[in-house]
Amino acid sequence: MELIQHTPDLSAYLAADEVIDHGHPTVRETAARLAAEAVDSYDYARLAFEYVRDTIPHSHDSGDLRVTWRASDVLEQGTGICYAKAHALTALLRAEDIPTALCYQRLDVVHGLVAVRFNGAWHRQDPRGNKPGVDAQFSLDGERLAFTPAPESDETDYPVLYAEPHPAVLSVLKAAPDRQYLWRTLPAALQDI
């Protein structure tokens, strides 16, 4: 699948906003701690991926009812669903000047992941969190995502790479008072914006 930048300007994939708030002290402190352990930008990207994947539980897996959507809140509260974890990883990567996009799959509902840019190409990564049957790994040599869409079930990979969260995703996150409500309102599909 060919990945398509929604915004042609690569600098948009380094920007901070209300959601990807990589200037926030919590994001900066976490990024600095991870960067101190890294030998280069590839190693940093892997460490940031593993940090979000392994130390921030997916709220559905852990039973946490809180809904987070801002990257700094995900890191501070230590919880989030796939979209929120993608926001946190995006902020950590952008904090170290690694272009990062948000991207999605349509499974039974829309699933969120990221794409990082190295060596002139985008590489999708899924920080959702591993569990029995899910083994996502950081990889620049072929995708090792949490899920593979089943076309026979009308599942698909969306090829568009967004600099900001898709409005349909962000609106349900912001509107949800708890994860149970969120689960009932997750988007089943996305329309390109």
In terms of hydrophobic clustering (I, L, V, M, F, W, Y; side-chain heavy atoms under 4.5 Å; direct or indirect links), are [X] and [Y] co-clustered?
X	Y	answer
L173	L107	no
V116	Y13	no
V169	I4	no
L10	L102	no
W122	M1	yes

So, [X] side chain and [Y] main chain: donor-acceptor pair closer than 3.5 Å or not?
X	Y	answer
T68	T79	yes
R179	S59	yes
K85	R53	yes
H87	P165	no
E96	A35	no
N130	A136	yes
D21	H24	no

Whether [Y] and [X] form a salt bridge (side-chain N of Lys/Arg under 4.0 Å from carboxylate O of Asp/Glu) is what I want to check.
X	Y	value
R46	D40	no
R106	E155	no
R124	D157	yes
R66	D73	no

- Message: Determine whether Y42 and N119 satisfy the following criterion, side-chain contact (heavy atoms from CB on, under 4.5 Å), listing intermediate values before the conclusion.
- Response: CA-CA 10 Å; Y42 300 104; N119 299 325; 2.9 Å; yes
How close do [X] and [Y] get, counting heavy atoms only, and between which atoms?
X	Y	value
R128	K131	NH2-NZ, 3.5 Å
V19	D17	N-OD1, 2.8 Å
C103	A115	SG-N, 3.9 Å
A71	A91	CB-CB, 3.5 Å
L34	A48	CD1-CA, 3.8 Å
D43	E37	OD2-O, 3.8 Å

- Message: Walk me through whether Y83 and V110 qualify under side-chain contact (heavy atoms from CB on, under 4.5 Å).
- Response: CA-CA 9 Å; Y83 311 133; V110 173; 3.7 Å; yes
- side-chain contact (heavy atoms from CB on, under 4.5 Å) evaluation trace for I81 with H58: CA-CA 5 Å; I81 68 166; H58 189 287; 3.8 Å; yes
Are any of the side-chain heavy atoms of [X] and [Y] separated by less than 4.5 Å?
X	Y	value
L75	Y51	yes
H123	S139	no
E18	K174	yes
Y158	L113	no
P151	T156	no
R117	Q5	yes

Can you tell me how far the [atom1] atom of [X] sits from the [atom2] atom of [Y], to the nearest 0.5 Å?
X	Y	atom1	atom2	value
L92	L47	CG	CG	11.0 Å
I56	E76	CD1	CD	11.0 Å
D135	L145	CG	CG	11.5 Å
I20	L93	CD1	CG	10.0 Å
R94	T100	CZ	OG1	6.0 Å
Q105	D126	CD	CG	6.5 Å

- Hey, mind stepping through D9 and S11 against side-chain hydrogen bond (donor to acceptor under 3.5 Å, both in side chains) and telling me if it holds? CA-CA 5 Å; D9 183 1; S11 69; 2.9 Å; yes
- Using the side-chain contact (heavy atoms from CB on, under 4.5 Å) rule, take Q137 and Q125 through it: C-alpha gap first, then chi angles, then the decisive distance, then the call. CA-CA 7 Å; Q137 301 294 323; Q125 313 295 327; over 6 Å; no
- Message: Go through it in stages, so that I can follow the logic: the residues are H111 and Y104, the test is ring pair (Phe, Tyr, Trp, His ring centres under 6.0 Å), and I'd like the CA-CA distance, side-chain angles, deciding distance and then a yes or no.
- Response: CA-CA 5 Å; H111 175 62; Y104 304 92; 9.0 Å; no
- Message: In terms of relative ring orientation, are F49 and F138 parallel, tilted or perpendicular, with 30° and 60° separating the classes?
- Response: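 Taking F138 first and then F49, their aromatic rings sit tilted (interplane angle of 30° to 60°).
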- E2, CD atom: more than 12 neighbouring heavy atoms under 6.0 Å: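 No, not enclosed.
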- Query: Would one find more than 12 heavy atoms of other residues, nucleotides or ligands at under 6.0 Å from atom OH of Y181?
  - Reply: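 No - once you tally the heavy atoms of other residues, nucleotides and ligands closer than 6.0 Å, there are 12 at most.
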- Message: For Y44 and D97: C-alpha separation, side-chain torsions, deciding distance, then whether side-chain hydrogen bond (donor to acceptor under 3.5 Å, both in side chains) applies.
- Response: CA-CA 11 Å; Y44 174 82; D97 295 321; over 6 Å; no
